[in-house]
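Counting convention: from 1, in listed order, for ligands and their atoms alike.
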Amino acid sequence: MNQDPLKPHSHDPNPEPPNRDPSFELTTPVGKEWRITVADLARMPQVDVSGCYIVSTGHGTTGPFIFSGVTLSELIGQYYEGTWREVEIVSADGFGSRVLAEEVQPGQSEAPVMLATHIDGRPMTREDGLVRLIVPFEKEDALRQVKWISEIRIP
Ligand SMILES: Nc1nc2c(c(=O)[nH]1)N[C@H]1C(S)=C(S)[C@@H](COP(=O)(O)O)O[C@H]1N2
Ligand SMILES: [Mo]
């Protein structure tokens, strides 16, 4: 069995939140750590991204959804001024994904990679995945749509 959360094998998606706490830890290459809460995210500039689908080959597609929250580049920019190449986003249930800097460049035409706190205009529940990584341009298996983020690491 593959134990690296950043290389998840395809599997039945977990419907059970690993715990009740939607806050997550942010770590940067300069050794600083922060605990980021949903209230912290709510104070940052918000974006809405419509037409998002959770596409799984195993159990069908859901959506379209409108996800709202903070772009990944906005969050990182609030806490870290240095350059970076990739970010690791990990959930406490052992699931995760990497996002490359070139995927979150502001000004690109595609919808932004974001940390969602709202779905279809209402606050997400923990069961919905709060806080959830949304990679709008991912169309297969939903392996990057990480629910219940517990850690964001800039290595
Ligand atoms: N933390 C976490 N996020 C996850 C998963 C998981 O098992 N754990 N499964 C992924 C997969 S394979 C799918 S298809 C979707 C399912 O999302 P849904 O539960 O909102 O339908 O979540 C993705 N994000
Ligand atoms: Mo999936």
Side-chain angles (χ1 to χ4, degrees), residues 1-28 33-42 44 46-76 78-79 84-104 108 110-155:
M1 189 169 137
N2 189 340
Q3 301 287 2
D4 181 351
L6 294 171
K7 291 183 182 152
H9 51 84
S10 57
H11 68 312
D12 290 335
N14 181 9
E16 289 295 327
N19 55 51
R20 304 308 308 172
D21 178 6
S23 73
F24 59 87
E25 191 177 85
L26 174 68
T27 59
T28 69
E33 295 179 6
W34 289 270
R35 167 93 11 210
I36 312 289
T37 65
V38 173
D40 293 330
L41 294 177
M44 297 175 200
Q46 305 290 304
V47 297
D48 301 321
V49 178
S50 59
C52 296
Y53 293 88
I54 304 295
V55 180
S56 168
T57 52
H59 61 100
T61 297
T62 54
F65 301 111
I66 305 167
F67 285 108
S68 309
V70 175
T71 67
L72 185 58
S73 74
E74 176 71 37
L75 173 88
I76 293 171
Q78 297 265 342
Y79 293 90
W84 53 276
R85 293 181 45 200
E86 61 175 34
V87 188
E88 300 168 352
I89 289 126
V90 175
S91 165
D93 70 339
F95 196 90
S97 182
R98 279 194 180 83
V99 178
L100 305 177
E102 51 261 39
E103 296 180 300
V104 305
Q108 70 174 27
E110 284 189 304
V113 177
M114 68 184 297
L115 307 171
T117 56
H118 288 67
I119 181 168
D120 293 338
R122 62 158 176 91
M124 289 170 72
T125 63
R126 192 70 173 141
E127 283 69 21
D128 292 326
L130 182 73
V131 172
R132 185 169 194 161
L133 180 71
I134 298 296
V135 179
F137 44 85
E138 189 225 52
K139 304 291 182 216
E140 284 183 88
D141 295 337
L143 289 175
R144 306 183 74 192
Q145 317 297 327
V146 181
K147 298 186 280 190
W148 315 306
I149 295 168
S150 62
E151 252 190 281
I152 297 184
R153 304 190 287 250
I154 308 170

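- Using a 4.0 Å cut-off between heavy atoms, Asn14 contacts ligand 1 through both its backbone and its side chain.
- Here the options are Val113, Val55, Leu143, the test is side-chain contact (heavy atoms from CB on, under 4.5 Å), and the partner is Glu138; only Leu143 passes.
- For the side chain to side chain donor-acceptor pair (under 3.5 Å) test with Asp128, the passing option among His118, Arg122, Lys147 is Arg122; the others fail.
- Between the CD1 atom in Ile76 and the CH2 atom in Trp84 there is a gap of 4.0 Å [rounded to 0.5 Å].
- With a 4.0 Å heavy-atom cut-off, ligand 1 is reached by no atom of Asp128.
- In this structure, the side chain of Ser150 engages the main chain of Ala92 through a donor-acceptor pair within 3.5 Å.
- Each salt bridge (Lys or Arg N to Asp or Glu O under 4.0 Å) pair with one or both residues in residues 15-28, not counting sequence neighbours, appears once here: Arg20-Glu127.
- Only the side chain of Ser91 comes within 4.0 Å of ligand 1, judged by heavy-atom distances.
- Within ligand 1, the atoms closer than 4.0 Å to a non-hydrogen atom of Ile54 are 15 (C), 16 (C), 17 (O), numbered from 1 in the order shown.
- Considering backbone and side-chain atoms alike, Lys147 places an N or O below 3.5 Å from some N or O of ligand 1.
- In the candidate list Gln145, Glu16, Met124, Arg132, Arg132 is nearest to atom 17 (O) of ligand 1, counting heavy atoms.
- Only one option out of Leu133, Val90, Val135 pairs with Val146 in a side-chain contact (heavy atoms from CB on, under 4.5 Å); it is Leu133.
- From Arg132, atom CZ reaches atom CG of Leu115 across 12.5 Å, with rounding to the nearest 0.5 Å.
- Nearest to atom 1 (N) of ligand 1 by heavy atom, out of Asp93, Asp141, Leu143, Val146, is Asp93.
- At a 4.0 Å heavy-atom cut-off, ligand 1 does not touch Arg144 at all.
- Listed by number with element, the atoms of ligand 1 under 4.0 Å from a non-hydrogen atom of Ser56 are 14 (S).
- Here's the thing with Thr62: none of its N/O atoms is less than 3.5 angstrom from an N/O atom of ligand 1.
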